[in-house]
Amino acid sequence: MGTSHVRRNIIFALLSVIVLVVFCVLAYNYKSKSSDDKSRLEAAVAEAKVYEDEVTALKRSITAAADDLADKSETARFVIGYVISSDDDITHAEEQGAEYGFEPVLVLDCVDSLVELEALAYSASNTGHEIMLTASVFTSETNETVQSLISYMSANGIEYSDIFLLRSDYYSDASLEMIIADGFAGYTVYNTTPTAGLTSDGYVTFDYSYLTVDSTSYTRFSSSYSNMASMMIAVDMDSVRAGTLTEGFITTLLSTLSIYAENDNCEFSSIADVENALLTANETAEQRQAEYEAYVAECEERIAELEEIIAEIYAQLD
């Protein structure tokens, strides 16, 4: 009985030792495996982070490229025109141009008689200043006068701007069709926020203000400056004679614009310079758009490659 009891105790002790050894081995193996898994995970995360950081950098680069693409013009341009009815109006325009430092544009309103317009066109051409056409009332009948005046100027070698000053009252598809049919390459527009550029059809457009009364807000001109947009300002000399547009208003406006023009990002300009600047900007924009799209495609291809690499890294941990 005593011997049997001792034998059982010995067997129990041996079994306990064996269980303890097995437990220790299992615990060691588990700890070792956990440590290995942790090391593998940390290594995978570190490796993946390198690629994830590159993905983030590429996405930020695409956003920055898009912001650069949206950059607006770096120069605000103001064209000062005078809607003339006499040689005295031409003299007045030249005097103010000399005083404030700009070359005046001489604007012919085609609601006047063709005989008067031809005489004004001849006088204007002798000054060397740009000539622009408009129609304060633009109808199909008025457009016939435009066509006749164009024929006269072409026959007599008188150059005129291929931008038509189209007032907002007569801005319509029908008017645009007539202007384009007349051979004009562009026309003025009226926007709450001044803009300038090319239409989807490739016609040049930029903002204008047709001054007939003093009520035009100076905010509009400062808005053109702050938006770095081009603007045509047409001073109606008949309104000056009628007293609805005062010389005080005009000189205050010109003084304000002169202050703007003292800055590097603003200038008094000609219609031709505005047109050339817009055409050049459009060509540059098209080139930049193409370069941007190619860059984005390259970045997106690289991002797809990186995301595939990242997915494979984490898949190996499963």
Side-chain angles (χ1 to χ4, degrees), residues 30-78 185-208 219-231 260-261 263-267 269 273-318:
Y30 177 78
K31 182 178 180 182
S32 178
K33 184 177 183 302
S34 297
S35 178
D36 289 344
D37 288 346
K38 183 179 179 182
S39 297
R40 286 177 58 223
L41 178 60
E42 290 176 348
V45 169
E47 182 182 4
K49 187 177 186 305
V50 174
Y51 299 115
E52 288 168 344
D53 287 346
E54 186 177 348
V55 169
T56 300
L58 286 169
K59 289 181 177 179
R60 287 175 177 170
S61 180
I62 290 174
T63 301
D67 292 340
D68 290 342
L69 191 67
D71 280 350
K72 57 187 177 182
S73 169
E74 297 179 353
T75 304
R77 295 178 173 86
F78 289 98
Y187 44 87
T188 58
V189 292
Y190 189 100
N191 295 297
T192 303
T193 300
T195 57
L198 269 67
T199 67
S200 59
D201 296 328
Y203 296 102
V204 176
T205 62
F206 56 94
D207 206 64
Y208 82 94
T219 304
R220 180 164 166 72
F221 309 117
S222 62
S223 177
S224 184
Y225 175 45
S226 62
N227 282 278
M228 293 294 111
S230 298
M231 174 180 278
Y260 291 159
N263 300 323
D264 293 336
N265 58 358
C266 182
E267 63 184 33
S269 185
D273 284 346
V274 169
E275 184 176 5
N276 289 335
L278 294 176
L279 289 170
T280 300
N282 185 69
E283 291 175 359
T284 302
E286 290 179 347
Q287 180 182 352
R288 289 172 63 196
Q289 179 68 34
E291 292 173 350
Y292 166 75
E293 291 174 358
Y295 178 70
V296 169
E298 181 181 336
C299 287
E300 289 178 341
E301 182 179 355
R302 177 57 179 164
I303 289 172
E305 292 175 357
L306 292 169
E307 289 178 339
E308 185 175 340
I309 293 172
I310 293 167
E312 289 176 356
I313 291 172
Y314 287 117
Q316 293 173 5
L317 299 176
D318 296 339

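- To the nearest 0.5 angstrom, Cys266 atom SG is 10.0 Å from Arg77 atom CZ.
- Taking the six-membered ring for Trp and thresholds of 30 and 60 degrees, Tyr260 and Phe78 have nearly parallel ring planes, at less than 30 degrees apart.
- In this structure, Asp207 contributes its side chain and Asn191 its backbone to a donor-acceptor pair below 3.5 Å.
- With Ser226 contributing its side chain and Ser223 its backbone, the two residues share a donor-acceptor pair below 3.5 Å.
- Other residues, nucleotides and ligands contribute at most 12 non-hydrogen atoms within 6.0 Å of the CD atom of Glu298.
- Atom CE of Met231 is separated from atom OH of Tyr225 by 14.5 Å, given to the nearest 0.5 angstrom.
- Taking CE of Met228 as the reference point, atom CG of Asn265 lies at 4.0 Å (rounded to 0.5 Å).
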Exercise for the section: Begin with the C-alpha distance, continue with both residues' side-chain angles, and end with the deciding distance and a verdict on side chain to side chain contact (heavy atoms under 4.5 Å, CB included) for Tyr187 and Thr205. Expected result: CA-CA 5 Å; Tyr187 44 87; Thr205 62; 3.4 Å; yes
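- Looking at Ser269, its side chain never comes within 3.5 Å of a backbone N or O of Asp273 through a donor-acceptor pair.
- For the atom pair Leu198 CG and Tyr203 OH, the distance stands at 11.0 Å (nearest 0.5 Å).
- Atom CZ in Arg302 sits 11.5 Å away from atom CD in Glu307 (nearest 0.5 Å).
- Without hydrogens or angle criteria, Ser224 side chain to Arg220 main chain gives no donor-acceptor distance under 3.5 Å.
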